[in-house]
Amino acid sequence: AQSVTQLGSHVSVSEGALVLLRCNYSSSVPPYLFWYVQYPNQGLQLLLKYTTGATLVKGINGFEAEFKKSETSFHLTKPSAHMSDAAEYFCAVSDSNTGNQFYFGTGTSLTVIP
Amino acid sequence: KAGVTQTPRYLIKTRGQQVTLSCSPISGHRSVSWYQQTPGQGLQFLFEYFSETQRNKGNFPGRFSGRQFSNSRSEMNVSTLELGDSALYLCASSLGVSSYNEQFFGPGTRLTVL
């Protein structure tokens, strides 16, 4: 069965510091991986996605993620945190077995300290 | 292009009542998925509709149902409301049913059951 594990439900970083949010997945077939961000009282917004091809994926707002098959990971990074990055981040997986059904991690709340 | 819209944004109901939530997908999108988001359980998949047919269903009781209309708009219904049904209900639309299609989320309907 497909699943996603996000290590660390809460992450705090200083403004300007590196952001690293961890995501590990399980899938019996090649996965499609997504990172979404959710601001308070809003829906989810896609940051980036990996389907095929280049394993380093660049997204919006300076975020990027690298698909590492050997580690079954898809960690999200940003070189320099900004106050506006404070939000909830969700990793999700789908694959050809799940159709259009996404499996989400439990989320990581990012706090940016000024 | 207008995004996914959900109505109403907020609802307060009492136990035993029923509720209907509405979702209008992005123009041209034919797949609509519904998710329940709670602090304890995170994002849980409810069901997915494509061309007026339910394609996938999550592990929720039969009190949760949905439908999709010919214009791709979707509704979900919850009957005999329980306190535990209090949650943010998110609707997401996508172009098709392939696993790599990203899902675009609406702002959600916040349901409170008293």
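A, B, ... follow the sequence lines: proteins, then strands. Residue 1 opens every chain.
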pair B:Gln103-A:Tyr36: side-chain heavy atoms closer than 4.5 Å
yes
Is the count of non-hydrogen atoms from other residues, nucleotides or ligands lying under 6.0 Å from B:Lys57 atom NZ greater than 12?
yes
Are B:Phe45 and A:Phe104 packed together at the side-chain level, in the sense that at least one heavy-atom pair is separated by less than 4.5 angstrom?
no
Cluster question for you: counting only ILVMFWY and a side-chain heavy-atom cut-off of under 4.5 Å, with indirect links fine, are B:Leu90 and B:Tyr10 together?
no
Please flag which part of B:Gln37 lies under 4.5 Å from any non-hydrogen atom of chain A: side chain, backbone, both or neither.
side chain
Find out if a path of hydrophobic residues (ILVMFWY) with successive side-chain heavy-atom gaps under 4.5 Å connects A:Val11 to A:Met83.
yes
Quick check: do A:Gln38 and B:Leu88 have side-chain heavy atoms less than 4.5 Å from each other?
yes
Please say yes or no: joined through hydrophobic side-chain contacts below 4.5 Å, possibly via intermediate residues, are A:Val112 and A:Tyr39 part of one cluster?
yes
With a 4.5 Å heavy-atom cut-off, do A:Gln45 and B:Phe105 have their side chains touching?
no
Common cluster, A:Ile60/A:Tyr50, ILVMFWY with side-chain heavy-atom separation under 4.5 Å
yes
Could you go step by step and tell me if A:Thr106 and B:Leu43 meet the side chain to side chain contact (heavy atoms under 4.5 Å, CB included) rule?
CA-CA 7 Å; A:Thr106 51; B:Leu43 277 151; over 6 Å; no
Between B:Leu83 and B:Leu114, is there shared hydrophobic-cluster membership here, with clusters defined by ILVMFWY side-chain heavy atoms closer than 4.5 Å?
no
A:Leu46 portion near chain B, given a 4.5 angstrom heavy-atom threshold:
side chain
If you count heavy-atom pairs under 4.5 Å between each of A:Leu33, A:Leu44, A:Asn41, A:Thr51 and chain B, which one has the most?
A:Leu44
